[in-house]
Amino acid sequence: MHYCCFLNKRKTNTLKNCGFWSKVLIHIHQNVRSIKQLEYAVLARRANQIQKELSQGVRKPYKELIDVCWGDPHSMDVKPLTFVRQVLAACVYPELMSSHKLPLDVRQRAQWLLGRCDGGSVGSYLAPTGIPEIVQRMSESIRSRDGGVPCNPDNIFISPGSQWSLTNIIQVLVNNEAPLRTGILTPVPCHVTTIMSIKSLGAAVIPYFLSEEHGWALQVEELQRALESAKGGCNPVALYVINPGNPAGYVQSRKSIQEVIQFASEKRLFLLADEVYQDCVYGKNSEFVSYKRVLAEMGPPFSDTVELASFHSVSKGFMGECGLRGGYVELVNLDPNVVKYIFNLICKDSTTPVLAHFAMDLMMNPPRPGDPSYPLYNQVRNNMLVQNVKTAHEVVNSLPGFSCQPVEGGAFVFPRVFLPPRAIQKAKEEGMQPDTFYCMRLLEEMGVLVSPGCEYGQKEGTYHIRFCIMASQDIIDQVLKRLTTFHTKFMKDFS
Amino acid sequence: YFQISLQCAVNGVPCRGKVLTVDNMNPNVKRVEYAVRGPIVQRAVQIEKELREGVKKPFTEVIKANIGDAHAMGQKPITFLRQVLALCSYPELLEDNKFPEDAKKRAQRILGACGGHSIGAYSASQGIECVRQDVARYIEKRDGGIPSNPDNIYLSTGASDAIVTMLKLLVCGEGRDRTGVMISIPQYPLYSAALADLGAVQISYYLDEEKCWSLDVAELRRALNAARQHCNPRVLCIINPGNPTGQVQSRQCIEDVIRFAKEEHLFLMADEVYQDNVYAEGCKFHSFKKVLFEMGPEYSSTVEMASFHSTSKCYMGECGFRGGYMEVINMDPEVKTQLTKLVSVRLCPPVPGQALLDLVVNPPQPDEPSYITFMKERTAVLSALAEKARLTEQTFNAVPGITCNPVQGAMYTFPRITLPEKAIDKAKEEGKVPDMYYCMRLLEEEGICLVPGSGFGQREGTFHFRMTILPPTEKLKVVLQKIRDFHVRFTQEFS
């Protein structure tokens with residue numbers, strides 16, 4: 001399984017003598033190789049080509065491409081929050097603080113943040129665990145979010161993004177010297193980056209299927225089945241959940257979270273709770289409640305013993321600042337000796353950008369009623385997304401051949417598409433997954449880029465597409481219009 | 001743990017230990033140490049806290065001369081860079097006539113390359129294309145016209161991120177075939193930490209203190225041959241200008257290293273983050289790539305190499321932005337595909353850092369409005385560093401028991417200290433490595449934080465410390481004097 005480098009050594013000696021030069025860097029660790037090439041890569045290549053053709057004036061049924069594959073709000077015309085950007089600009093170029101064009105609360109916040117930096121500059125290194133006063137405020141926010149459940153700032157570790165934190169924690173969990181490979185239970189469907197992180201560290205993915213018919217519910221019996229299936233093949237150490245979901249837009253109920261916690265406790269699994277979409281909840285009857293809160297409210301023995309890592313980020317929610325690269329993990333009930341090693345690991349890393357750390361403060365301590373920036377800050381954002389979700393869900397469900405579970409939260413719509421057998425056949429002929437084929441056709445004919453369900457995993461014989469609804473209303477309207485036209489024709493053509 | 005067992009006994013739940021313990025966690029993570037932020041820094045932070053709480057000490061502040069953080073030590077940011085970054089953060093400022101035209105132009109160009117014209121959008125994993133193009137042009141100009149392909153440029157979260165990524169790609173094999181990586185002693189502890197983390201074999205080669213820390217190929221050969229017994233050496237890392245030693249390698253030396261790498265079939269990693277920090281008369285920065293190509297096609301078409309640069313050092317000192325890149329030369333195309341896959345797991349480097357890098361490689365030109373101020377500021381920073389380098393060497397060499405090689409480049413001095421036998425014994429009694437004991441005493445008595453030489457590696461029986469030359473000149477003079485006085489006292493105490 002591993003490429004052994006002794007091959008390289010022997011080759012070197014004989015080939016050197018033959019005058020044939022072989023590369024030093026040929027043999028790559030299996031972990032890196034095992035990261036799958038994305039389906040998206042195929043679609044992206046074609047999209048780039050089409051983009052070129054469009055700029056060369058080639059006639060197409062559309063004037064521009066719309067890419068709604070990624071959870072990247074700003075690239076889909078969602079505007080950055082003014083308060084956030086004003087504060088960051090003032091921190092970057094403090095001369096702006098003397099300008100009265102910036103509201104008072106902006107200037108005060110920028111001053112406070114800069115005052116916490118070594119040398120009063122955003123150009124100095126952050127301490128690996130962040131600026132203590134900011135992390136303190138973050139912990140107070142978390143406590144407030146969780147209805148008073150205490151939050152110890154020493155258990156918060158910042159990073160350049162939630163995936164970065166997740167990779168660090170998984171790294172600590174993975175033991176490549178153990179007889180069996182480390183395994184991590186992950187949902188199907190699951191967004192790609194997590195799978196890539198797990199595989200790149202040499203761990204095994206143990207898939208558990210979410211139940212589409214039940215609104216993508218997480219069922220304990222299925223967790224049990226998945227765990228059973230791993231017996232003898234790998235050593236399950238952790239259970240990864242993402243709530244609200246990605247790609248499927250569920251929001252777990254309190255009861256569901258309790259069941260998962262009980263399961264993790266019983267089976268001695270480390271809980272990895274990815275909660276980056278906690279601010280993106282739309283369903284009327286849905287409410288985000290954190291794993292940490294539920295755990296605490298369950299009381300002992302669970303609250304004292306279940307080991308949990310919760311992840312959050314500045315990339316999603318109202319801010320959508322994906323490009324800043326900021327996130328954190330909060331650790332609950334970990335062995336303090338292990339936490340010491342995690343600290344060491346993070347010291348070596350030490351790479352959270354200062355602006356991202358500031359963004360965490362702005363996200364978790366936004367303007368309050370009475371602050372000059374509050375009215376503008378409070379406007380619009382959530383309403384727009386709720387509208388997008390409602391519209392997208394309605395339109396998609398109205399099309400024969402589509403079926404979409406309620407989108408209660410998250411950034412995406414993940415409808416099931418019932419592909420006609422002839423379309424499946426055509427896809428096979430073209431050497432593509434059926435839903436990739438659907439996406440490719442959609443791209444060609446309507447200039448809309450969405451991602452195929454096979455990218456995330458799905459039940460055998462089912463097909464889905466995923467597209468992001470964290471976009472301007474105009475973009476969503478366009479996408480739905482083009483999708484409707486395309487889908488109707490596609491179903492007719494392949495009936 | 002006792003409390004938990006008690007609780008368990010009370011609730012009738014079977015008692016057990018943690019899921020994640022130091023015994024079952026990733027053994028590699030336990031081997032990671034990072035001296036620059038190690039125990040001495042932790043103690044420094046504690047002392048700062050005590051000072052804030054009003055505890056009386058023989059000093060009023062802790063001077064952190066342990067980390068290469070220019071802004072933390074009072075170095076001012078370059079105005080032009082911060083103006084463009086502020087414009088990128090809050091584009092409404094483009095209307096503000098206080099900003100010069102060339103800054104606005106740069107900001108508009110960068111924003112035009114970002115999704116939705118926002119630095120908050122994800123960029124391509126390899127980095128924004130136009131920034132990579134600008135980096136390639138910069139490299140071509142620096143290297144006298146030798147072509148640089150933007151596809152071979154990978155932007156990263158600081159140079160450290162790129163270094164670790166390359167090592168991940170290079171390390172493979174088991175047992176005797178485990179990848180061996182040659183690193184200089186003394187070395188920048190990121191390398192040893194990364195190697196421990198990846199479970200790679202560290203192959204140490206000693207720099208020659210008697211000859212101004214120069215690199216000797218005979219020593220490379222000795223280290224390599226010894227290493228072949230127990231691992232598969234594949235990589236040679238070199239830092240030029242050096243950290244902690246500050247030596248600037250001669251052109252001849254670089255040629256010798258390249259020749260050695262070719263003969264011994266090694267992948268070269270050239271860490272060149274201090275390329276603008278060259279002070280000594282007669283010293284000049286020669287990029288590895290330039291020398292490689294000037295050695296002719298026999299070398300330039302075969303030796304595989306990665307060079308690293310960053311926005312954290314030189315005249316910018318913008319550590320907090322996490323900007324950097326690597327250029328890969330002669331990499332196997334299939335390996336490049338793997339590399340591209342690997343960087344996508346991290347999504348993308350921080351966009352503000354990418355923007356900053358673009359400005360560093362695309363500074364104001366003589367015909368632009370910001371040019372004069374820019375050059376003035378840049379020259380001031382570099383000439384101050386040169387002066388401090390000279391002052392440091394002079395002061396330390398005048399102290400009996402301290403010898404200091406010339407600080408030819410980079411930002412540090414790594415003087416050798418003679419410790420009395422009795423001091424070494426005292427250190428052993430306290431369970432400390434002698435130079436750690438020395439540095440701890442210096443911290444407690446004078447509030448100056450340095451890093452002991454043991455954190456970087458040194459020849460057996462020798463002791464050193466690393467100090468940065470970053471404090472402002474007047475403060476540096478005080479620091480040098482205090483260290484001098486401490487050393488004399490210390491020597492007397494243990495005579």
query: Under a 4.5 Å heavy-atom cut-off, does chain A meet the side chain of B:Val171, its backbone, both or neither?
result: backbone

- prompt: Can you say whether B:Met316 sits under 4.5 Å from chain A via the side chain, the backbone, both, or neither, judging by heavy atoms?
  reply: neither

- prompt: When you measure from the side chain of B:Lys18 to the backbone N and O of A:Asn333, does any donor-acceptor pair fall under 3.5 Å?
  reply: yes

message: Only pairs of heavy atoms separated by less than 4.5 Å count here; which of B:Pro352, B:Ala194, B:Gly158 has the most with chain A?
response: B:Pro352

field: Winner by heavy-atom pair count (cut-off under 4.5 Å) against chain A, out of B:Val335, B:Val32, B:Val45, B:Val351
entry: B:Val335

field: SB check A:Glu133 B:Arg52 (cutoff 4.0 Å)
entry: no

task: Name the region of B:Cys88, side chain, backbone, both or neither, that has any atom closer than 4.5 Å to a heavy atom of chain A.
output: backbone

task: Could you check B:Arg322 against A:Tyr125 for side-chain contact (heavy atoms from CB on, under 4.5 Å), going step by step and ending with a plain yes or no?
output: CA-CA 9 Å; B:Arg322 315 312 303 127; A:Tyr125 281 118; 3.7 Å; yes

- request: Considering only heavy atoms and a distance below 4.5 Å, find which of B:Asn330, B:Thr340, B:Leu339, B:Leu190 pairs most often with chain A.
  value: B:Asn330

Which atoms of B:Ser123 approach chain A - backbone, side chain, both or neither, heavy atom under 4.5 Å: neither

message: Looking only at side-chain N and O atoms, does A:Gln171 offer a donor or acceptor that is under 3.5 Å from a partner on B:Asp197?
response: yes

- request: Check whether any side-chain N or O of B:Arg82 sits under 3.5 Å from a backbone N or O of A:Tyr93 as a donor-acceptor pair, and report yes or no.
  value: no

task: Would you check if the side chain of A:Asn337 reaches a backbone N or O of B:Val22 as a donor-acceptor pair within less than 3.5 Å?
output: no

query: Is the backbone of B:Tyr122 close enough, under 3.5 Å, to the side chain of A:Asp72 for a donor and an acceptor to pair up by distance?
result: yes

- request: Please look at B:Leu266 and chain A and tell me whether the side chain, the backbone, both or neither of the residue comes under 4.5 angstrom of a heavy atom of that chain.
  value: backbone

task: Consider only side-chain N and O atoms of B:His71 and A:Ser121, and report whether a donor and an acceptor are under 3.5 Å apart.
output: yes

Which portion of B:Ser312 sits near chain A, non-hydrogen atoms under 4.5 angstrom: side chain

query: Under 3.5 Å, side chain of A:Arg325 to main-chain N/O of B:Pro349, donor-acceptor pair present?
result: no

message: Can you see whether B:Arg346 engages A:Thr193 through a side-chain donor-acceptor pair at a distance of less than 3.5 angstrom?
response: no

- prompt: Between A:Met76, A:Gln86, A:Met196, which has the largest tally of heavy atom pairs under 4.5 Å with chain B?
  reply: A:Gln86

